[in-house]
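What follows is one structure encoded as structure tokens, with my remarks underneath.
Lettering of chains follows the sequences in order, A, B, ..., and the numbering in each one begins at 1. For the numbers below, each heavy atom of this structure counts, side chains included, while hydrogens, waters and symmetry mates do not. Predicted model only: the values in this text are computed from it and were never measured.
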2 protein chains.
Amino acid sequence: METTQQAAGQQRPADQRRRELLEAADRVVLRDGPQASMNAIAAEAGITKPILYRHFGDKGGLYRALAKRHTDALLDALRAAVDAPAERRERVEATLDTYLAAIEARPQVYRFLMHPAEDTQPSEAGFDVGRHSAPLLRRLGEELAKVIYDRVDLGPGSEQLARVWGHGIVGMMHGAGDWWLSERPCSRAELVRCLADLLWGRLAAASDRAGGPGF
Amino acid sequence: METTQQAAGQQRPADQRRRELLEAADRVVLRDGPQASMNAIAAEAGITKPILYRHFGDKGGLYRALAKRHTDALLDALRAAVDAPAERRERVEATLDTYLAAIEARPQVYRFLMHPAEDTQPSEAGFDVGRHSAPLLRRLGEELAKVIYDRVDLGPGSEQLARVWGHGIVGMMHGAGDWWLSERPCSRAELVRCLADLLWGRLAAASDRAGGPGF
DNA sequence: TCTTGGGTGTTACTTGCGGTAACCGAAGTG
DNA sequence: CACTTCGGTTACCGCAAGTAACACCCAAGA
């Protein structure tokens with residue numbers, strides 16, 4: 001370790017440091033996926049574990065900080081797509097495509113965001129049923145719900161309907177995207193079309209198969 | 001290899017033993033959720049770790065065996081719902097409700113199935129991008145795809161469409177269910193109705209909100 | 001009979017990771 | 001100069017996965 005010969009006392013404001021550490025963590029996650037170890041991250045940052053803990057408390061803290069960056073970025077992109085000046089169908093397709101493009105571009109980051117490597121918290125009483133997987137999905141769902149509520153006229157009970165739909169659609173995107181990413185059964189554009197068709201009620205509109213089942 | 005049943009010796013055929021171990025593991029998972037430790041499971045079964053490893057190879061093996069049981073059970077219930085003699089809308093609602101009832105009844109098991117506690121496998125080369133979360137969701141998606149393909153007339157390209165829809169709908173169910181389970185914003189029946197409405201194209205049918213979108 | 005051998009099970013270990021305590025050394029300031 | 005105060009380190013704890021090596025029991029086989 002060379003003694004950092006800083007010219008004058010350029011005391012990096014610790015926020016800067018934090019950002020550097022996050023960059024390093026990012027690189028490691030990009031390489032190792034969600035099971036990146038604290039040791040590995042520290043090494044990548046050129047330092048040792050305790051510093052990470054000083055900055056982020058625990059692994060969960062670091063992961064949360066890291067996830068927030070990516071989530072914010074993704075959300076910005078999605079908002080741009082969903083708020084574009086176009087017909088609803090087009091906006092929906094653009095949003096789906098934006099999401100899929102993102103997870104396609106950096107699958108490791110995506111995996112990290114979706115499965116934040118179970119915290120292992122002692123959980124005290126034990127009935128912590130509520131705290132599930134990805135905060136990312138929750139945020140996406142809520143945001144989408146807001147958009148739906150604001151822009152679509154759904155009549156009475158619209159708030160609840162919008163929230164259910166927000167989370168449902170996000171879940172659909174996630175589930176289909178996860179499957180598509182691992183099997184690549186078709187192009188992104190095709191996937192987008194199929195999903196949009198689903199949302200457009202083609203399932204309800206289709207008739208039963210010929211030679212219909214007695215039951 | 002003698003197929004002789006040794007009557008006298010109550011030598012449990014090791015399949016029996018395996019089943020007992022799985023029962024014990026089940027109890028522990030039901031209590032501790034997905035982060036149940038091998039030690040805990042062994043203790044619950046009244047034995048020690050190495051025996052578990054003899055029977056299941058590694059933790060992943062045990063988890064896979066355990067997951068298969070629950071997955072099979074859930075799939076049976078879902079198949080019954082989806083194959084009921086009723087209109088499509090009714091069948092869809094029944095299927096959604098069956099799934100939600102299952103995750104509502106045993107959330108810990110559900111969490112376990114969805115997040116099988118990341119295997120931590122070294123993964124050799126490192127680019128194992130494909131292997132994501134829950135095999136349960138994959139199986140559900142494929143099964144649903146089959147049902148859709150068999151029973152709904154979708155015209156050309158129907159196979160791919162059915163597969164996308166299968167995984168998409170399962171994702172929707174999962175996402176909405178996960179959120180609903182943790183926030184309980186409404187009754188199960190309401191949730192089912194909302195989701196079915198979504199699948200029935202109400203999003204496409206609804207008009208833009210009054211005071212239209214300037215942007 | 002003794003011995004062999006495949007089941008059952010055990011204790012005791014290694015490895016690796018999250019997390020922490022305690023110490024180090026180079027500023028900056030009276 | 002002493003004295004704090006950072007940015008940093010080494011060395012450790014606890015715990016969980018996984019393994020090695022040993023111990024017991026009971027059915028044969030010569």
Side-chain angles (χ1 to χ4, degrees), chain A residues 1-21 24-25 28-29 32-66 112 116-123, chain B residues 1-21 24-25 28-29 31-66 112 115-123:
Chain A
M1 286 327 149
E2 77 292 0
T3 54
T4 55
Q5 57 89 22
Q6 63 274 52
Q10 66 209 62
Q11 194 78 329
R12 253 80 144 280
D15 254 15
Q16 180 87 8
R17 199 86 190 91
R18 188 186 164 95
R19 202 159 286 169
E20 289 174 16
L21 296 184
V28 176
V29 165
D32 296 353
Q35 70 266 29
S37 84
M38 293 299 264
N39 265 322
I41 294 174
E44 171 71 31
I47 47 143
T48 49
K49 272 193 299 178
I51 304 184
L52 283 183
Y53 285 97
R54 283 226 251 275
H55 276 273
F56 302 101
D58 64 349
K59 189 171 183 164
L62 199 171
Y63 275 25
R64 246 173 284 124
L66 207 51
F112 161 72
E118 313 293 341
D119 355 286
T120 333
Q121 61 160 9
S123 156
Chain B
M1 276 350 187
E2 72 289 6
T3 58
T4 66
Q5 31 74 8
Q6 53 268 63
Q10 59 221 51
Q11 195 81 328
R12 252 76 145 281
D15 253 17
Q16 180 88 5
R17 198 89 192 90
R18 188 186 163 95
R19 202 159 288 168
E20 289 173 16
L21 297 185
V28 176
V29 165
R31 170 160 40 80
D32 297 354
Q35 68 266 33
S37 86
M38 293 300 263
N39 264 323
I41 294 174
E44 172 70 31
I47 47 142
T48 50
K49 271 193 300 178
I51 305 184
L52 285 183
Y53 284 96
R54 281 228 252 275
H55 276 272
F56 301 101
D58 64 348
K59 188 171 184 166
L62 200 172
Y63 275 26
R64 248 173 282 125
L66 208 51
F112 160 72
H115 312 295
E118 313 293 342
D119 355 286
T120 333
Q121 60 160 11
S123 155

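Atom pair B/D32:CG and D/dA16:C1' shows a separation of 13 Å (rounding to whole Å applied). Note: NE2 (A/H55) to P (D/dG7) measures 7 Å, nearest angstrom. Rounded to a whole Å, the CZ atom of B/R18 is 16 Å from the P atom of C/dG7. Separating the CE atom of A/M38 from the P atom of D/dC12 is a distance of 21 Å, rounded to the nearest angstrom. Per the geometry, CD1 belonging to B/I47 stands 15 Å off C1' belonging to C/dT11, to the nearest Å. In this structure, the CD atom of B/Q35 is 15 Å from the C1' atom of C/dG18, given to the nearest Å. C/dG9 atom C1' lies 12 Å from atom CG of B/L52, rounded to whole Å. Taking atom CZ on A/F56 and atom P on C/dG18, their separation rounds to 15 Å, with Å as the unit.
For B/P50, taking side-chain heavy atoms from C-beta onward, the closest of the listed nucleotides D/dG8, C/dG18, C/dT10 is C/dT10. Taking only side-chain atoms of B/K59, from C-beta outward, the nucleotide of C/dT10, C/dG18, D/dA16 with the closest atom is D/dA16.
Residue-to-nucleotide contacts include a donor-acceptor pair under 3.5 Å from the side chain of B/K49 to the base of D/dA17. Residue side chain A/R54 reaches the base of D/dG8 through a donor-acceptor N/O pair under 3.5 Å, judged by distance alone.
Residue B/A40 comes nearest to B/V28 through the heavy atom pair O-CG2, 4.0 Å, listed as atom of the first residue, atom of the second, then distance. Residue B/A42 comes nearest to B/L52 through the heavy atom pair N-CD1, 3.7 Å, listed as atom of the first residue, atom of the second, then distance. Considering every non-hydrogen atom in both A/R18 and A/A65, the closest pair reads NH2-CB, 3.8 Å.
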task = Determine, stepwise, if the pair A/Y63 / A/F56 fulfils ring pair (Phe, Tyr, Trp, His ring centres under 6.0 Å).
result = CA-CA 9 Å; A/Y63 275 25; A/F56 302 101; over 10 Å; no
key: B/E44 vs B/D32, side-chain contact (heavy atoms from CB on, under 4.5 Å): CA-CA, chis, key distance, verdict   = CA-CA 12 Å; B/E44 172 70 31; B/D32 297 354; over 6 Å; no
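Backbone-only engagement by B/S37 is indicated by non-hydrogen atom pairs under 4.0 Å involving sugar-phosphate atoms exclusively.
Side-chain N/O atoms of B/T48 include none lying less than 4.0 angstrom from OP1 or OP2 on C/dG9.
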